[in-house]
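For reference, the structure discussed in these notes is given below.
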Amino acid sequence: MQKMSRVSRVGATLAVLAMLTLNAVLSERYRLTPIWLPWVAAAIMLGPIIVGRFVRNSSVWRGVERVSMMTSIFLLLLLNTLNLADVVDEVLFHSGGIVAETLFLTSISIWAANMLGFTLLYWEIDRGGPDARVCAAPGYPDFGFPAYTDPMVLPGWQPTFLDYLFIGFTTSTAFGPTEAMPLTPRAKGLMMVQSVISLVTIIVVAARAIGIIR
């Protein structure tokens, strides 16, 4: 049986821990979902990652890990979006007594968690996942990195977690691709959703907080 390659999950693990930290920063006033739900989602993701370090050649376990990661990523993104909806409702319809500093920190937390969540999603779906990308025949790319066609780059180059973090960051700040272009309908759809959430966070929440401070 051919030994299966396993890509490092350090970047993904740090991103999950960062999302949990950001969720803890959210004020009780601006958290629609219970504080323990993100921890459950993180456990669903990190548990299989930890076990996977000791089950390197099991394709079945790889499938379990992939399903658990996709489930927890979507759950974390959903919880973050629900928190955003709660903040927007507070800003637009119950604006009395809003603390500007708390609202501003909350907007930063929601924006950053959204960026990290979509980074994890891009890292997981592109060409079948991180492990599939190092195989001889990975799936069709969801993102067209310039390095794929750059003659100065060594053959066999594959994007790292940092490359997907850059996609997530630029999509949340520039509201569109700046380096790697989305090539598939799902990649384009996900980037549009991420941009909309980021735009709402910046325009409605952060702008309102800055307006109160002024």
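Index from 1, following the sequence.
Classification of Arg186 and Asp126 as a salt-bridged pair fails, no side-chain N sitting under 4.0 Å from a carboxylate O.
Follow the hydrophobic side-chain contacts under 4.5 Å out from Leu162 and you reach Leu120 in the same cluster. Transitive grouping of hydrophobic side chains (ILVMFWY, heavy atoms separated by less than 4.5 Å) brings Leu75 and Val40 into a common cluster. Following chains of ILVMFWY side-chain contacts shorter than 4.5 Å, one can reach Phe74 starting from Met45, so the two form part of one hydrophobic cluster. Placement of Leu190 and Met192 in two distinct hydrophobic clusters is found when ILVMFWY residues are connected by side-chain heavy-atom separations under 4.5 Å, directly or transitively. Both Ile73 and Leu17 are part of a single hydrophobic cluster, where members link through side-chain heavy atoms under 4.5 Å apart.
Separating the CD1 atom in Ile203 from the OG atom in Ser107 is a distance of 13.0 Å, to the nearest 0.5 Å. In this structure, Ile167 CD1 and Met191 CE are separated by 6.5 Å, a value rounded to the nearest 0.5 Å. The CG atom of Asp131 sits 4.0 Å away from atom CZ of Arg9, with the distance rounded to the nearest 0.5 Å. Atom OG1 of residue Thr81 and atom CG of residue Asp86 lie 12.5 Å apart, to the nearest 0.5 angstrom. Atom CG of Leu165 and atom CH2 of Trp123 lie 12.5 Å apart (nearest 0.5 Å). Atom CE of Met19 is separated from atom CG of Leu116 by 6.5 Å, given to the nearest 0.5 angstrom.
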Exercise. Could you walk me through whether Phe143 and Thr184 pass side-chain contact (heavy atoms from CB on, under 4.5 Å), step by step?
Key: CA-CA 8 Å; Phe143 299 96; Thr184 61; over 6 Å; no

Exercise. Apply the test salt bridge (Lys or Arg N to Asp or Glu O under 4.0 Å) to residues Asp142 and Lys188: give CA-CA distance (whole Å), side-chain angles for both, the deciding distance (0.1 Å), then the verdict.
Key: CA-CA 9 Å; Asp142 289 273; Lys188 295 175 182 178; over 6 Å; no

Practice problem: With side-chain contact (heavy atoms from CB on, under 4.5 Å) as the test, would you mind laying out the steps for Val204 and Leu84 before giving the verdict? | Solution: CA-CA 10 Å; Val204 178; Leu84 173 62; over 6 Å; no

Quiz prompt | side-chain contact (heavy atoms from CB on, under 4.5 Å) evaluation trace for Thr201 with Asn114 | solution = CA-CA 10 Å; Thr201 305; Asn114 180 63; over 6 Å; no

Quiz prompt | Stepwise side-chain contact (heavy atoms from CB on, under 4.5 Å) test for Val193 and Ile197 | solution = CA-CA 6 Å; Val193 172; Ile197 294 175; 4.0 Å; yes

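Between Thr178 and Phe166, some side-chain heavy-atom pair lies under the 4.5 Å cut-off. Considering only heavy atoms from C-beta on, Ile125 comes within 4.5 Å of Met70 through its side chain. In this structure the side chain of Val87 never reaches within 4.5 angstrom of the side chain of Asn83, judged on heavy atoms.
Taking every heavy atom of both residues into account, Arg66 and Gly129 meet most closely at NH1-CA, 3.6 Å. Among all heavy-atom pairs drawn from Asn80 and Ala113, the shortest one is OD1-CB, 3.4 Å. Taking both residues in full, the closest heavy atoms of Ser72 and Ala41 are given as CB-O, 3.0 Å, listed atom of the first, atom of the second, then distance. When all heavy atoms of Leu22 and Ala112 are compared, the closest pair comes out as CD1-CB, 3.5 Å.
In this structure, Tyr148 places its OH atom where more than 12 heavy-atom neighbours from other residues, nucleotides or ligands lie under 6.0 Å away. At most 12 heavy atoms of other shown residues, nucleotides or ligands fall within 6.0 angstrom of atom CH2 in Trp39. No more than 12 heavy atoms of other residues, nucleotides or ligands shown are found within 6.0 angstrom of CZ on Phe169.
Under the 30°/60° scheme for interplanar angles, the aromatic rings of Tyr122 and Phe118 are found to be tilted.
Chaining together hydrophobic side chains whose heavy atoms lie under 4.5 Å apart places Val10 alongside Leu14.
Arg133 places no side-chain N or O within 3.5 Å of a backbone atom of Val7 that could act as its donor or acceptor partner. In this structure a side-chain-to-backbone donor-acceptor pair under 3.5 Å is missing from Thr171 to Gly168.
Both tests do not hold together for Arg127 against Tyr164: distance to the six-membered ring centre under 6.0 Å, angle to the ring axis within 45°.
A side-chain N or O of Gln194 and one of Ser172 form a donor-acceptor pair less than 3.5 Å apart.
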